[in-house]
Amino acid sequence: QVQLVESGGGLVQAGGSLRLSCAASGRTFSSYTMGWFRQAPGREREFVAGISWNGGSTSYADSVKGRFTISRDIAKNTVYLQMNSLKPEDTTVYYCAGRSGPYVNYSPGQYTYWGQGTQVTVSS
């Protein structure tokens with residue numbers, strides 16, 4: 001069993017930066033592929049970024065490529081999402097998710113564990 005707790009959300013002006021953190025409990029965290037998703041009201045949850053179990057492979061949605069960076073610290077059982085050059089359209093709730101297996105998957109249905117979400121608001 002893995003429990004995920006996000007933090008780091010908040011209010012920032014357009015062009016600013018935030019770093020989201022996802023702290024995981026459970027001894028098997030290092031074997032899980034991790035992802036960040038976001039979901040606006042009335043819309044489907046969408047993939048933002050993912051990182052393989054060993055950090056050797058990352059993947060990003062086109063909308064955030066070049067602006068966001070996902071990383072993980074296995075010793076700290078934590079995954080990060082560094083968000084730079086934020087835009088008002090990045091405003092929504094961000095979720096951390098984990099799945100067993102070595103490869104990043106873009107579908108939220110393929111992830112077993114989810115955090116409670118953290119709100120990111122970007123003002124124009």
Side-chain angles (χ1 to χ4, degrees):
Q1 190 78 3
V2 175
Q3 291 185 326
L4 305 175
V5 179
E6 301 101 332
S7 62
L11 173 65
V12 64
Q13 289 188 329
S17 299
L18 283 174
R19 187 176 80 158
L20 305 183
S21 299
C22 173
S25 64
R27 294 178 294 174
T28 59
F29 169 75
S30 60
S31 66
Y32 282 77
T33 291
M34 302 299 294
W36 285 97
F37 291 77
R38 62 188 183 187
Q39 185 172 22
R43 301 188 65 175
E44 293 186 353
R45 192 164 295 188
E46 65 173 357
F47 174 83
V48 175
I51 188 166
S52 61
W53 68 276
N54 63 354
S57 176
T58 58
S59 185
Y60 297 92
D62 288 343
S63 58
V64 307
K65 201 171 292 183
R67 299 188 298 124
F68 291 9
T69 302
I70 188 171
S71 61
R72 68 190 299 166
D73 186 330
I74 294 175
K76 294 183 178 180
N77 276 8
T78 302
V79 177
Y80 303 99
L81 184 67
Q82 178 66 44
M83 306 186 295
N84 299 329
S85 302
L86 282 161
K87 304 175 181 180
E89 51 264 43
D90 294 319
T91 295
T92 189
V93 179
Y94 285 72
Y95 297 90
C96 174
R99 64 184 297 269
S100 59
Y103 304 114
V104 174
N105 193 292
Y106 304 133
S107 171
Q110 296 299 315
Y111 288 77
T112 305
Y113 302 105
W114 291 87
Q116 81 288 352
T118 185
Q119 175 71 43
V120 171
T121 303
V122 184
S123 63
S124 57

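All residue numbers refer to positions in the sequence shown, counting from 1.
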From [X] atom [atom1] to [Y] atom [atom2], the distance as rounded to the nearest 0.5 Å:
X     : Y      : atom1 : atom2 : value
Lys65 : Ser59  : NZ    : OG    : 6.5 Å
Glu46 : Gln39  : CD    : CD    : 9.5 Å
Arg99 : Ser107 : CZ    : OG    : 9.0 Å

- Does Gln3 offer a backbone N or O that forms a donor-acceptor pair with the side chain of Ser25 under 3.5 Å?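 Side chain of Ser25 to backbone of Gln3, a donor-acceptor pair under 3.5 Å: yes, one is there.
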- Task: Return yes if some donor-acceptor pair links the side-chain N/O of Thr91 with the main-chain N/O of Val122 below 3.5 Å, else return no.
- Result: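 Flag set: sc Thr91 to bb Val122 pair under 3.5 Å.
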Are [X] and [Y] connected, step by step, through hydrophobic side chains (Ile, Leu, Val, Met, Phe, Trp, Tyr) whose heavy atoms are closer than 4.5 Å?
X      : Y      : value
Val93  : Val120 : no
Tyr106 : Tyr95  : yes
Met34  : Phe68  : yes
Trp36  : Leu18  : yes
Trp114 : Tyr80  : no

For the residue pair [X] and [Y], establish whether any side-chain heavy-atom pair is separated by less than 4.5 Å.
X      : Y      : value
Asp90  : Arg38  : yes
Ser52  : Pro102 : no
Tyr111 : Asn105 : yes
Arg72  : Asn54  : no
Ile51  : Tyr32  : no
Tyr94  : Glu6   : no

Quick one: closest heavy-atom pair of [X] and [Y], and the distance?
X     : Y      : value
Thr78 : Ser21  : CG2-CB, 4.3 Å
Ser85 : Arg67  : O-NH1, 2.9 Å
Leu4  : Ala24  : CD2-CB, 3.6 Å
Pro88 : Ser124 : CG-CB, 3.9 Å

- Query: Only one of Ile70, Thr92, Leu20, Leu81 clears side-chain contact (heavy atoms from CB on, under 4.5 Å) with Val48; which?
  - Reply: Leu81
- According to the interplanar angle, ranging from 0 to 90°, do the rings of Phe47 and Phe37 count as parallel (below 30°), tilted (30 to 60°) or perpendicular (above 60°)?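 Plane angle over 60°, so perpendicular.
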